[in-house]
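The structure under discussion appears below in the form of structure tokens.
Note that the structure is predicted; figures quoted are calculated from it, not measured. Chain naming here is simple, since letters A, B, ... match the order of the sequence lines and numbering starts at 1 in each.
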2 protein chains.
Amino acid sequence: MGVADEQGLDTVLGKAVALLRAFGADDRLLPLAELVRRTGLPKGTVHRVAGDLVHHRLLEKTEHGYRLAGGLFELGMRAATERTLLEVAMPFLQDLYERTHETVHLGVRDGTEVVYVAKIGGHRQARSPSRAGGRMPMHCTALGKVLLAHADPAVRSAVLSGPLPRRTPHTIVAPGLLEQQLDRALEAGLAFEREESTPGLLCVAAPVLQPDGATAVAAISVTGPIGRFRPEAHQNAVRAAATALASTLARRPGGL
Amino acid sequence: MGVADEQGLDTVLGKAVALLRAFGADDRLLPLAELVRRTGLPKGTVHRVAGDLVHHRLLEKTEHGYRLAGGLFELGMRAATERTLLEVAMPFLQDLYERTHETVHLGVRDGTEVVYVAKIGGHRQARSPSRAGGRMPMHCTALGKVLLAHADPAVRSAVLSGPLPRRTPHTIVAPGLLEQQLDRALEAGLAFEREESTPGLLCVAAPVLQPDGATAVAAISVTGPIGRFRPEAHQNAVRAAATALASTLARRPGGL
DNA sequence: CCACAGCGTACCGGTCAGTGGAACGCCGGG
DNA sequence: CCCGGCGTTCCACTGACCGGTACGCTGTGG
């Protein structure tokens with residue numbers, strides 16, 4: 001890997017996007033110098049482009065640095081797939097939460113990762129690293145595994161043949177074992193996770209299938225802390241929510 | 001107003017942002033020609049810039065046109081203010097929903113408008129035009145009125161002196177009457193709305209005040225359909241949620 | 001007290017990325 | 001068949017963008 005092989009840094013747009021993407025999932029405020037470091041762009045350039053972004057309300061300038069601004073939030077919430085999914089799914093997620101009172105996730109697959117579209121939870125919610133709009137690997141999360149099980153074979157083998165980074169002592173890093181679990185998940189229409197992504201967390205997930213029943217457009221999960229939480233106790237509720245959402249989506253005109 | 005006085009259309013970034021913003025709150029799929037019409041940019045230019053945006057995962061190209069892509073959603077969910085607010089507030093909104101089983105909104109003020117940060121509701125939710133990430137005028141919504149009441153005097157008078165577009169027969173279009181209501185809202189820490197933005201909808205909202213108690217950083221509301229829904233019945237629940245959220249926010253280190 | 005390092009800001013001439021008008025091929029409909 | 005609307009491609013000109021350089025500020029430690 002070269003020094004500046006991230007494609008597109010030589011166009012204004014590329015620089016702008018790079019600046020925005022320089023903000024990690026946990027960064028709130030980044031000083032100009034830090035943006036310079038992360039993007040590798042010249043200081044003057046960052047100054048100028050960041051200024052332009054501020055002008056367009058995508059970035060906000062404070063005394064101590066830049067932050068992603070509200071305009072970005074507004075645009076993001078207009079993204080077609082996520083918005084539709086979110087609006088249609090919300091009532092079902094709501095029901096599921098009310099039935100379980102545990103953290104509820106809605107996620108989709110993007111490439112070989114899971115993207116969380118929604119996360120709802122109450123005061124007792126388990127401390128989980130997930131965020132709406134965030135990403136996680138597929139092999140170590142219930143959502144990921146169930147999405148992968150119901151995905152195109154090409155995707156499945158892409159993940160299986162790629163590296164399976166260990167995140168906890170319980171993470172499944174053996175491709176064979178993972179494949180076994182995927183088969184079982186495909187059969188059961190349900191996947192489990194036991195401290196595979198985060199210590200102390202358990203999870204059940206069910207797929208939201210397309211009308212043809214083949215691949216999954218999304219998945220729903222319930223997460224809780226080890227101890228009080230028993231995934232099996234919620235599997236029916238999760239599955240019910242997922243299938244209900246699926247049939248509602250199927251009834252939609254434009255699809256998706 | 002000239003023909004192309006929207007500032008910044010003569011820079012790549014400006015064009016790009018214009019393209020993204022060309023997508024209204026309800027547009028899912030826009031053909032190239034439509035983008036050309038809305039932005040006023042030359043066809044070739046739109047083609048190229050849109051292509052670049054696709055390349056950066058901000059736009060998605062389909063057979064029938066372009067749509068805002070997932071990358072935008074991910075970026076949007078990282079926006080500092082909205083994200084923090086959303087994460088901290090979620091449990092309180094959840095509680096409120098569970099207590100009322102009506103549509104719950106979380107909103108902030110931006111300029112002279114309300115921006116909805118979250119909207120949660122179940123299957124029985126009233127048909128409201130609001131969307132997460134969407135905007136509404138302040139004078140005709142409970143959220144807007146309570147935010148305005150607890151806002152800087154400059155903002156208040158800016159709205160009062162501006163036009164107050166009529167949206168329904170019940171919309172308050174008289175500045176004097178609105179001011180009266182704002183005073184009452186400031187005093188009561190609570191604002192009501194009765195079919196002022198949308199026929200058939202009623203709403204109560206309470207402010208999420210800053211530690212100093214002066215201005216509001218956000219507001220929470222409960223909305224329901226005329227008939228079964230009585231705003232007064234929920235005013236205590238809404239106020240409780242708002243103050244609880246406020247004190248939780250106050251306890252946060254970085255503020256905001 | 002001053003040298004220094006790190007930061008944010010500002011300037012500016014050269015150049016190449018971006019520009020947009022024009023022309024093309026493809027439909028579908030009259 | 002001809003026509004209007006669409007998406008795509010091409011290309012020579014030009015001004016928007018580039019990034020090195022220099023400045024002023026602040027805190028730090030020698």
Exercise for review: Please step through salt bridge (Lys or Arg N to Asp or Glu O under 4.0 Å) for the pair A:D110 and B:R57, ending with a clear verdict.
Suggested key: CA-CA 11 Å; A:D110 185 60; B:R57 296 193 358 104; 3.3 Å; yes
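- Picking from D:dC6, C:dC7, C:dG20 the nucleotide with the shortest atom distance to the side chain of B:R37 gives D:dC6.
- Side-chain contact check for A:R78 versus B:D27: every heavy-atom pair is 4.5 Å or farther apart.
- Candidate nucleotides D:dT9, C:dG8, D:dC18 were compared by shortest atom distance to the side chain of A:R48, and D:dC18 ranks first.
- Going from atom CG of A:D52 over to atom P of D:dA16 covers 12 Å, rounded to whole Å.
- Rounded to whole angstrom, the span from the CG atom of B:L32 across to the P atom of C:dG25 amounts to 19 Å.
- What separates CG of A:L29 from P of C:dG8 is a distance of 11 Å, to the nearest Å.
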**Study point:** Criterion salt bridge (Lys or Arg N to Asp or Glu O under 4.0 Å) on B:D52 and B:K15, from CA distance to verdict
**Key:** CA-CA 11 Å; B:D52 294 348; B:K15 293 177 222 262; over 6 Å; no
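- Listed pair A:K61 / C:dG8 fails the phosphate criterion, with no side-chain N or O lying under 4.0 Å from OP1 or OP2.
- In this structure, the CG atom of B:L13 is 15 Å from the C1' atom of D:dC18, given to the nearest Å.
- In this pair, A:Y116 and A:H105 present their aromatic rings tilted. The plane angle is within the 30 to 60° band.
- B:E34 has its CD atom 13 Å from the C1' atom of D:dC6, to the nearest Å.
- The CG atom of B:L9 sits 13 Å away from the P atom of D:dA16 (whole-angstrom rounding).
- Within the 4.0 Å cut-off from OP1 or OP2 of D:dG7, not a single side-chain nitrogen or oxygen of B:H47 is found.
- Looking at heavy atoms from C-beta onward, A:T103 lies out of side-chain contact with A:I120 at the 4.5 angstrom threshold.
- Nearest to the side-chain atoms of A:A33 among the listed nucleotides D:dC17, C:dT19, C:dG8 stands C:dG8.
- No N or O donor and acceptor, one from the side chain of B:K43 and one from the base of C:dG20, sit under 3.5 Å apart.
- When the side-chain nitrogen and oxygen atoms of A:K15 are compared with OP1 and OP2 of D:dG19, one or more of them lie within a distance under 4.0 Å.
- Rounded to an integer number of Å, the gap from CD of A:E63 to C1' of C:dC7 is 14 Å.
- Comparing atom distances between the B:T45 side chain and each of D:dC17, C:dA10, C:dG20 picks out C:dG20 as nearest.
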